[in-house]
Amino acid sequence: MKVCCIKILGAVLGLLLLFTTGVVLRRVVLGAQFERYGESLPFNMESALEFRYVRMLFESGRIPERDMQVQIPDGIVVRQTYTLGAEYVYAALARCMPARWPLDARVRWASVLWFCLGIPLMSFWLWAWRGSWWAAGIGGAYYAVALAAVMRSTGQELQHENFALPFLIAHFA
């Protein structure tokens, strides 16, 4: 009984360590980008539109049915044109963060934290699939530090794929 509890505690601590490693690494990379380009690094293209909707949800709790500011003169019917989902989660997470932080900083944190949920899920999936703690640890560690995964998930840009990946990995797990 005691050995089982120690194994579970070790696994939970290992998953927490992988998650923390992923978050810290991404924040270090974002910090380097801020150092080079300035703290007011704007969201670009699709990320700007996604951030705009997060801000609307954060401030008013709703997104208009027709957004007249996106396509002039007719606007767009938002739910027919645009995939929504991440915006609601990011706005909710932003409300849980310190009020003294600007909204863009909160959303960047929310994006990184959400993406990094996939790291322990990846480990869990590999453990369930292969039955190996080594596979789970190495796979999770690789996902936490792999350059391709880190560069696309620093919070500099918002991407719907990054929001979907933890769901996909959880499905496989």
Side-chain angles (χ1 to χ4, degrees), residues 15-122 140-171:
L15 293 174
L16 187 59
L17 177 65
L18 289 174
F19 174 80
T20 304
T21 300
V23 170
V24 167
L25 183 59
R26 283 156 178 80
R27 292 302 298 185
V28 166
V29 170
L30 183 62
Q33 292 169 334
F34 281 159
E35 256 183 52
R36 182 164 185 178
Y37 300 109
E39 287 283 330
S40 62
L41 201 59
F43 291 109
N44 296 318
M45 299 174 14
E46 293 90 5
S47 290
L49 185 59
E50 186 171 352
F51 179 72
R52 181 170 181 270
Y53 290 142
V54 170
R55 186 177 58 228
M56 286 178 176
L57 286 167
F58 182 80
E59 292 172 352
S60 70
R62 60 184 293 291
I63 295 173
E65 187 175 321
R66 181 176 293 274
D67 190 346
M68 300 302 290
Q69 299 296 315
V70 173
Q71 183 173 305
I72 305 295
D74 298 327
I76 61 166
V77 177
V78 176
R79 284 166 178 79
Q80 287 180 354
T81 309
Y82 193 69
T83 302
L84 297 174
E87 295 81 359
Y88 290 94
V89 173
Y90 293 157
L93 289 173
R95 284 189 189 95
C96 299
M97 295 179 191
R100 67 181 185 279
W101 293 2
L103 182 58
D104 66 313
R106 295 185 215 185
V107 172
R108 289 180 201 281
W109 268 104
S111 171
V112 168
L113 292 170
W114 185 266
F115 181 86
C116 287
L117 287 176
I119 296 168
L121 289 169
M122 173 74 72
Y142 184 74
Y143 193 50
V145 303
L147 185 60
V150 170
M151 292 310 295
R152 71 176 286 114
S153 61
T154 62
Q156 180 179 340
E157 297 294 332
L158 302 176
Q159 300 172 355
H160 284 117
E161 309 88 75
N162 286 354
F163 182 76
L165 278 171
F167 287 115
L168 179 66
I169 296 168
H171 171 76

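- Listed for the E46 side chain is no donor-acceptor partner under 3.5 Å among the backbone atoms of Q159.
- D74 approaches R66 most closely through the heavy-atom pair O-NH1, 3.1 Å.
- The CG atom of L168 sits 7.5 Å away from atom NE2 of H171, with the distance rounded to the nearest 0.5 Å.
- Rounding to the nearest 0.5 Å places CZ of F167 at 9.0 Å from CG of L117.
- Within the 4.5 Å cutoff, side-chain heavy atoms of D67 are placed close to those of R52.
- In plain terms, the two heavy atoms of V145 and L25 that are nearest each other are CA-CD2, 3.7 Å.
- Across all non-hydrogen atoms, the minimal contact from A170 to L121 is CB-CD1, 4.0 Å.
- A cation-pi arrangement, defined by a distance under 6.0 Å to the six-membered ring centre and an angle within 45 degrees of its axis, is absent between R108 and F51.
- Under a 3.5 Å cut-off, the side chain of Q33 and the backbone N or O of G31 do not form any donor-acceptor pair.
- Side-chain contact check for V70 versus Y82: every heavy-atom pair is 4.5 Å or farther apart.
- Listed for the R106 side chain is a donor-acceptor partner under 3.5 Å among the backbone atoms of A99.
- A donor-acceptor pair under 3.5 Å links the side-chain atoms of R26 to the main chain of A144, judged by distance alone.
- In this structure, the separation between CD1 on I76 and CG on L49 is 6.5 Å, given to the nearest 0.5 Å.
- Looking at heavy atoms from C-beta onward, M56 lies out of side-chain contact with V78 at the 4.5 angstrom threshold.
- Atom CD of E35 sits about 11.0 Å away from atom CG of L30, to the nearest 0.5 Å.
- Interatomic distance, I63 CD1 to R55 CZ, rounded to the nearest 0.5 Å: 12.0 Å.
- Under the 4.5 Å side-chain criterion, counting only non-hydrogen atoms from C-beta, V23 is in contact with W109.
- Nearest heavy atoms, M68 versus P73: CE-O, 3.2 Å.
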Show, in sequence, the C-alpha distance, side-chain angles and deciding distance for H160 and E87, and conclude whether the side-chain contact (heavy atoms from CB on, under 4.5 Å) test is met. CA-CA 9 Å; H160 284 117; E87 295 81 359; 3.1 Å; yes
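- Two residues are said to be in side-chain contact when any heavy atoms from C-beta on lie closer than 4.5 Å; W114 and N162 fail this criterion.
- Taking the centre of each ring, Y143 and F115 come in below the 6.0 Å mark.
- Of all non-hydrogen atoms in S111 and G155, the two that sit nearest each other are OG-CA, 4.2 Å.
- Counted within 6.0 Å of OH on Y88, heavy atoms from surrounding residues, nucleotides or ligands total more than 12; the atom is thus considered enclosed.
- Residues A110 and M97 share a closest heavy-atom pair of N-CE, 3.6 Å.
- Two residues are said to be in side-chain contact when any heavy atoms from C-beta on lie closer than 4.5 Å; F19 and L113 meet this criterion.
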